[in-house]
Amino acid sequence: MTDTVRVRFAPSPTGALHIGGGHTALFNWLWARHMGGRFILRIEDTDRERSTKEYEETIMSGMRWLGLDWDEGPDAGGDYGPYRQSERLPLYRKYADQLVDEGKAYREGDAVIFKNPEGVKLIFDDVVYGHIEVMSETLKDTVLIKSDGMPTYNYAVVIDDHCMGITHVIRGEDHISNTPKQLLIYDALGWDYPAFGHLPMILGKDKKKLSKRHGATSVYEFRDMGYMPDSVFNFLALLGWSAGENNEIFSRDEAVSLFELSRVTKRAAVFDMEKLNFINQEHLKRLDPYTRLDLVEPFWREMGLPVDDHSREYLAQSLVVLCGRGQTAKEAAGYSDYFLTFEAVKGRYDGSDVDDAGRGMLRKFYGELLGLPEWKAPPLEEFTRTWSEGHSVKMKDIAMPLRMALTGMKVSPGVFEVAEHLGRDECRRRLAHFGFVGSAE
RNA sequence: GGUCCCAUCGUCCAGUGGCCUAGGACACAGCCCUUUCAAGGCUGUGACACGGGUUCGAAUCCCGUUGGGACCGCCA
């Protein structure tokens, strides 16, 4: 039991779950699950100014959204709690006092400061970056306890990782230069080092560290844009790791079984929206219609469409007809409004692009079409093809107006599939509205 | 400035001394399919930063150069 893997994600609750934080959490989670270990959530709320309970909540729900469940944490409990640093103050105090007593640290005002030794070679073998060594004289004295009684990051992280039995410290590459400082504290306390595995940074398109300037950066923004948790998960997992040469679209379970910390790459990765779009579309395609419906429905509602006027069956089938069009649930919702209401069509199209001569032909054709015995896509298409040949008009000259009248869009799924799904009566109603079908005369 | 890290197509990855005239994916271009758009199929453009070594042999190892990045807070 003592040698099971224990990893942690230790965010500070000073903002929503950032895409970089999500990446770090994800890799920790993958390693824990792959190894059958424990994934711990620790809240590093030692910045009294900026930490809030609300952000703590936001971060946790962001992780839940991504499907990263933790075994120990502020809400989950565990044998190594408390899991909020603000609640572990006596512990930090205790070791700080010990360090002062041993002459390894000194007090300055209310603060406790670690005395930086000289001539010590600090060495660690990073699971990802390999052998790294730094001489202690390149470092300075570091504050352990701040004047307000709170521990600093570099100190608390050591105490907690040790006391919580963390076996692998997996975090962003920006912490590599912090590691030697922490090593000094491990040494001073006579503790063994955990294994360290630093993760490559995630950059924006301009190759600068990802920030708000790059648009969406909190995982919630991706949810709101219509991305699936599974695809954000998949995409993030691909930043700095690969599951093998021909395996880019995968599930959580597949990632868990394939993941290897030693296969993580060192080079910073650029966050590429295009790739995320592709991955999301792939995951969307693989969904069964009703699950897809659950994803799209909120966006239809957001658009003010009459979702409740239709059956679940009809709505799900609408997405089947849509057939993978749209890279996000939001796009899919936007591409399919005409299935829910004719109003959307009327808002886009008024039939004025058809001249009188054209209208005459269309009335003749649509009149016959609407009279067909079977209202199914194949016979509709078959009839249309035959008719267009018989009257020497191009297929698209009679199919396109139909598309416009039915969907109000130049672009849609196969128009006969759309017509079938809409039903004969609804099609007649829409065609009649634009005068494409003769009212009695 | 000091310390540390990184360096393969525009982007994400594969590649761990010979299988590499460097492979896949996204994006891009063309073609096919076709009632539009997607999807799908096919084809193409496109990279080992540079210079020295080591070696019979280097994208892979070593050194240097250049270019990026991180850290150097009583932030985390």
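Both backbone and side-chain heavy atoms feed into the values below; hydrogens, waters and symmetry mates do not. In what follows, chains carry the letters A, B, and so on, assigned in the order in which the sequence lines appear, proteins first and then strands, with residues in each chain numbered from 1.
Only the C1' atoms considered, B:G23 is 8 Å distant from B:G15, to the nearest whole Å. Taking atom C1' on both B:C9 and B:A59, the two are 13 Å apart, rounded to the nearest angstrom. As rounded to the nearest Å, B:C6 and B:C62 have P atoms that lie 11 Å from one another. Atom name P, nucleotides B:G64 and B:C28: the rounded distance is 42 Å, in whole Å.
Both distances falling under 3.5 Å, in either a Watson-Crick or a G-U wobble arrangement, place B:C12 opposite B:G24. The partner of B:G73 is absent, by the rule that a Watson-Crick or G-U pair needs both atom distances under 3.5 Å.
Between A:Phe124 atom CZ and B:C4 atom P the separation is 12 Å, expressed in whole Å. With rounding to whole Å, A:Asp161 atom CG is found 13 Å from B:A76 atom C1'. Taking atom CG of residue A:Asp141 and atom P of nucleotide B:C72, one finds them 16 Å apart after rounding to whole Å. The interatomic distance linking A:Leu258 (CG) with B:A14 (P) rounds to 13 Å, in whole Å. Note: NZ (A:Lys209) to C1' (B:C5) measures 14 Å, nearest angstrom. With rounding to whole Å, A:Tyr335 atom OH is found 9 Å from B:A38 atom C1'. In this structure, A:Leu380 atom CG and B:U35 atom C1' are separated by 13 Å, rounded to whole Å. Per the geometry, CD1 belonging to A:Ile132 stands 11 Å off C1' belonging to B:C6, to the nearest Å.
Residue-to-nucleotide contacts include no donor-acceptor pair under 3.5 Å from the side chain of A:Ser177 to the base of B:C4. The base of B:C6 lies outside donor-acceptor range of the side chain of A:Arg267, with no N or O pair under 3.5 Å.
Contact check, A:Lys285 against B:G40: a side-chain N or O comes under 4.0 Å of OP1 or OP2. Remark: A:Arg385 is in phosphate contact with B:U35, judged by side-chain N or O atoms under 4.0 Å from OP1 or OP2. Regarding contacts with the backbone of B:G24, every side-chain N or O of A:Ser242 stays at 4.0 angstrom or more from both OP1 and OP2. Look at A:Lys266 and you'll find a side-chain N or O under 4.0 angstrom from OP1 or OP2 of B:C6.
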Would you give me the side-chain donor-acceptor pairs under 3.5 Å for residues 391-402 of chain A, sequence neighbours excluded?
unit_1, atom_1, unit_2, atom_2, d
A:His391, ND1, A:Trp387, O, 2.9

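The cationic atom of A:Arg6 (NZ for Lys, CZ for Arg) lies less than 6.0 Å from the six-membered ring centre of A:Tyr80 and within 45° of the ring axis. Under a cutoff of 6.0 Å and an axis angle of 45°, A:Arg33 and A:Phe259 do not form a cation-pi pair.
When the nearest nucleotides of RNA chain B are assigned to A:Leu239 and A:Pro413 by heavy-atom distance, the more 5′-ward of the two goes with A:Leu239. In this structure, A:Glu282 and A:Lys146 both approach RNA chain B, and ranking their closest nucleotides by distance from the 5' end singles out A:Glu282.
Each of A:Arg424, A:Arg429, A:Arg428 was evaluated against A:Glu426; a single residue qualifies, A:Arg429, per the salt bridge (charged side-chain N to carboxylate O under 4.0 Å, His left out) test.
Residues A:Leu340 and A:Leu315 form a side-chain contact, since some pair of their non-hydrogen atoms from C-beta on lies under 4.5 Å apart.
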